[in-house]
Novice: 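Here you go, one structure.
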Amino acid sequence: MNHDDLRHWSKRAADWTHAYHTGLRDRPVRAQTTPGATAARLPDHPPEQPEDLEAIFADFEAIVPDAMTHWQHPRFFAYFPSNAAPASMLAEQLTNAISAMCMLWQTSPAATEIEQVMVQWLRQALGLAPHFTGTIHDSATTCTLSAVITMRDRATGWDSVQNGITGRAPIRIYASAQTHSSIDKSVRLAGIGQGNLVKVATEPDFGMDPAALDAAIRADLQAGLLPAGVVLCTGGTSIGACDPIAACLEVAKRHGLYAHVDAAWAGNAMICPEFRHLWEGVDGADSVVFNPYKGLGAQFDGAVQFLADPAPQIRSMGLRPDYLQTLGHEDITNFNEWTVPLGRRFRALKLWFLLRAYGLEGLREKMRNHIAWTAELADKFRTNPDFRITTEPCLALFTFQYAPADADADALTERLLKRINDDGRIYLTQTTHEGRFVIRMTAGTFDCTREDVMTVYDVATELAQTLQGSFIRP
Ligand SMILES: *Cc1c(COP(=O)(O)O)cnc(C)c1O
């Protein structure tokens, strides 16, 4: 295959893409396949001789789409959205065509500078203070890992950068139990250890209790441990819990701790001023992450980390060996010094296309619609006595149970969820809330309509009928 062939096949791929997206509603949302089924359709050995593109493309069409869960399906309501706007897909084709490594300004001047400008555009879009700068990582996990590594080294007075953390007082990180498992993973990877992640108690609204945070830090200081940083969440993954950012930051600052805010999903909603009360005080944070692929439509990968001051993170992670020096330029930005990997993709291009093709007003309208339709759906469930809203909507997320009188609601809800996902018209996932099995409902696919969201009520009530009587307690 050469570049003339690529031109031909790119057009074929574009036609396929159009047919795929316009036909998504006719497909089951979740892959209807079994483990091992796809692998069994592939040969055991790689081909020795080149194969014809017709055959390769035909196999793609025959094997792949039916064995995928369709994240861009308008009735995908599981996990969090990983939504993709057409303008973002187009930019990714161009990024792919250029295929540059964007680790130094010199290796990718336009990518570096567009990334700097997009971070500033997004900072303004989210209403963050002008002192924030930032960078674009692959995922929120990497942003949080970067922040946790910075907390660790800062707490040791940067001695750990050279000497590691063995033989010193345990480093302590604080977060609520509502924060994402990426915090747990980050403390493991940073060598701090899961046992030194303190899960701080929450208040009745499931946000962190600032007094409990203060008490935990004091107790650790008393015990000779080394408090290093706090990870707060705006929009926790399970039910959308929000920590009281201003009050918790006040505690963190009083103890001189570094503070990172994980708003991977909810940060997207901050393009609308009316939701910014959810992270009131965020301008006091040292680091803030949000994933534009969880709502704005800039497809994975890409996570924006805003930094009040990039210097501490660069001090932890920035290396500049001789072969990466840019001779004659001391003051340029080399983004690999801000991030974990050396090689970096040109992720800013899709943000540039996205923000221009829809405008902030266009994106706000989508966000407001998803949130309003989700609230309307919750109200619909509320009118049905067989269903129970277990957590109220936070932005476009709520949880519910199927709980007819006298029934074992956990078992029945689990049965209903399985039936819903086997049916295929919609896709929902679960979480455990206060020990109960609940269904999570969240909207956010770029092409999702009000009718798509209301389908959830119709499908859930229709399939619930088929379970009636099967799980009544004796
Ligand atoms: C999705 C999510 C993450 C993880 O995001 P990745 O980009 O997949 O690493 C972390 N925190 C929260 C709150 C999330 O919703």
Side-chain angles (χ1 to χ4, degrees), residues 69 71 76-84 88 122 126 134-149 173-190 197 199-200 202 206-208 229-243 245 248 259-270 275 278-279 282 285 287-306 339-341 344-345 347 350-351 367 370-371 374 391 393-399 429-433 440-445:
T69 292
W71 283 72
F76 180 101
F77 304 116
Y79 307 99
F80 275 139
S82 180
N83 63 1
S88 175
L122 288 168
L126 270 51
T135 189
I136 308 175
H137 301 253
D138 56 352
S139 65
T141 301
T142 306
C143 296
T144 297
L145 174 63
S146 303
V148 167
I149 286 172
I173 306 288
Y174 307 84
S176 92
Q178 290 290 331
T179 46
H180 189 264
S181 60
S182 57
I183 317 324
D184 304 63
K185 187 181 269 190
S186 294
V187 298
R188 291 183 185 192
L189 295 180
L197 174 62
K199 294 282 171 84
V200 179
T202 53
F206 305 104
M208 184 188 283
V230 181
V231 179
L232 301 172
C233 75
T234 300
T237 309
S238 183
I239 59 158
C242 294
D243 292 331
I245 302 292
C248 292
H260 171 68
V261 175
D262 179 2
W265 162 69
N268 291 278
M270 304 310 169
F275 304 124
L278 291 175
W279 71 0
V282 68
S287 166
V288 180
V289 56
F290 96 104
N291 282 339
Y293 70 83
K294 280 184 177 163
L296 289 192
Q299 81 225 66
F300 193 77
D301 63 355
V304 180
Q305 184 189 21
F306 296 103
T339 61
V340 176
R344 304 176 71 252
R345 298 182 66 247
R347 301 188 185 96
K350 59 191 166 196
L351 290 163
M367 185 62 62
H370 292 149
I371 292 169
T374 303
T391 57
C394 168
L395 304 171
L397 168 68
F398 70 91
T399 65
T429 44
Q430 75 290 331
T431 190
T432 305
H433 181 65
R440 287 172 82 257
M441 160 65 208
T442 180
T445 312

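Residue numbers count from 1 along this sequence. Both backbone and side-chain heavy atoms feed into the values below; hydrogens, waters and symmetry mates do not. In listed order, ligands and their atoms are each counted from 1.
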Novice: Counting only heavy atoms, tell me which of Tyr79, Tyr293, Phe300 gets closest to atom 7 (O) of ligand 1.
Specialist: Tyr293
Novice: Output the list of atoms in ligand 1 that are nearer than 4.0 Å to some heavy atom of His180, sorted by atom number.
Specialist: 2 (C), 3 (C), 4 (C), 10 (C), 11 (N), 12 (C), 14 (C)
Novice: Among all protein non-hydrogen atoms, which one is nearest to atom 9 (O) of ligand 1, and what is the separation to 0.1 Å?
Specialist: Thr141 OG1, 2.5 Å
Novice: Please identify which of these residues, Arg344, Lys294, Arg347, meets the salt bridge (Lys or Arg N to Asp or Glu O under 4.0 Å) condition with Asp301.
Specialist: Arg347
Novice: Between His180 and Ser182, does any side-chain donor sit less than 3.5 Å from a side-chain acceptor?
Specialist: yes
Novice: Measure from NZ or CZ of Arg440 to the centre of the six-membered ring of Phe80 and say whether it is under 6.0 Å with the direction within 45° of the ring axis.
Specialist: yes
Novice: Should the pair Phe306 and Phe290 be assigned to parallel (<30°), tilted (30 to 60°) or perpendicular (>60°) ring geometry?
Specialist: parallel
Novice: Have a look at ligand 1 and work out which part of Asp262, if any, has a heavy atom under 4.0 Å from it: side chain, backbone, both or neither.
Specialist: side chain
Novice: Just checking, any donor-acceptor pair under 3.5 angstrom between side chains of Thr135 and Gln305?
Specialist: no
Novice: Quick check: does Thr237 get an N/O under 3.5 Å from an N/O on ligand 1?
Specialist: yes
Novice: Report yes or no: do Ser238 and Thr431 form a side-chain donor-acceptor pair below 3.5 Å?
Specialist: yes
Novice: Check each atom of ligand 1 against the heavy atoms of Phe80 and keep those under 4.0 Å away; list them by number with element.
Specialist: 15 (O)
Novice: Starting from atom 2 (C) of ligand 1, what is the nearest protein heavy atom, named by residue and atom, and what distance separates them?
Specialist: Lys294 NZ, 2.3 Å
Novice: Heavy-atom pairs closer than 4.0 Å: do any link ligand 1 to the side chain of Ser139, the backbone, both, or neither?
Specialist: both
Novice: Record the part of Asp138 in heavy-atom contact with ligand 1 below 4.0 Å; permitted values are side chain, backbone, both and neither.
Specialist: neither
Novice: Does Ser182 reach ligand 1, in the sense of a heavy atom lying below 4.0 Å from it?
Specialist: yes
Novice: Fit a plane to each ring of Phe300 and Tyr293, take the angle between them on a 0 to 90° scale, and name the class: parallel (under 30°), tilted (30 to 60°) or perpendicular (over 60°).
Specialist: perpendicular
